[in-house]
Amino acid sequence: MLPSHLQTQEPEHLSDTTVQQKLSEMAARDAQVDDYDKMWHLNLFGKVEIPVMHLCLGLSSEHILLEGGCGTGRMTRDFAMRCREQVSVDFSWESLRSCAEKLRRGGITNVHLVQADLCHLPFKTERFDRVVSCQVLEHIPSEELRELAVKELARALKRGGNLALSAYQYSLLMQWFGEKEGSHDGGIYFYRFTRDEFSDLMARYLQVDGIIGAMVYHYIARCHKN
Ligand SMILES: C[S@@+](CC[C@H](N)C(=O)[O-])C[C@H]1O[C@@H](n2cnc3c(N)ncnc32)[C@H](O)[C@@H]1O
């Protein structure tokens, strides 16, 4: 149960045009929980990504952190060990169950797991000291919804707080290897951002302090809210 100081407004309805893509991803994420945890390259990438995320966030033991799109909890425990309280959101129920099990095994008790859509977050405005979202934005299936997700994450962040967000990059190198937009197995939509697209999107709602190119395949945005 989410504590009352973090609750809530009623989520709005999903738009008809993207509801099928979202449902398709929710079903695929539910079905692929075990496969996700076995992706060796993600675990390897995490050795760089997680410390960079920490540098961008500047988490401390007094902070309340919002993690948008926690999935099966690849990073959840690591964040939770550095903050007072954490809310980790995902729309895949099975991913949340897997994450809950990892937290239970790790003895982590300061995380609230919430099933919600990043584009319609059920939280009051400016309640979180820090906000993080890793490898989620690229899976939100339209420009309008990606903007809504960033707007929602920024809304939840307190003034003076930091936000770190990572997403697929469409660098010169990636243009040789991959499509700009497409679908992964099971119907998981993806979109690769150019540096300018990524920076412009963040800058609509936040002060962008830097965009870091991480291991060719991601950008990490380091932002704060004035
Ligand atoms: C690639 S996984 C990343 C998970 C985790 N952050 C990590 O880095 O391992 C993307 C996650 O975002 C979730 N997701 C995608 N779109 C979402 C949305 N609109 N609202 C909530 N969760 C979403 C998926 O269910 C999935 O668990």
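FYI, the numbering just counts along the sequence from 1. Atoms within a ligand are numbered from 1 in the order they appear, just like the ligands themselves.
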Q. Which protein residues have a heavy atom closer than 4.0 Å to any atom of ligand 1, listed by chain and number?
A. Glu25, Arg29, Tyr36, Gly69, Cys70, Gly71, Arg74, Asp90, Phe91, Ser92, Ala116, Asp117, Leu118, Cys134, Gln135, Val136, His139

Q: Report, as yes or no, whether the 6.0 Å neighbourhood of atom CE on Met39 holds more than 12 heavy atoms from other residues, nucleotides or ligands.
A: yes

**Q.** Neighbour count above 12 (heavy atom, 6.0 Å) for Arg97 CZ
**A.** no

Q. Do we see a donor-acceptor contact under 3.5 Å between the side chains of Glu49 and Gln135?
A. yes

**Q.** Side-chain donor-acceptor pair present, Tyr191, Glu197, cut-off under 3.5 Å
**A.** yes

Q) Do any N or O atoms from the side chain of Lys225 and from the backbone of Asn162 form a donor-acceptor pair under 3.5 angstrom? A) no

(Q) Tell me every residue that passes ring-ring contact (aromatic ring centres under 6.0 Å, His included) with Phe198, counting only those two or more places apart in sequence or in another chain. (A) Phe193

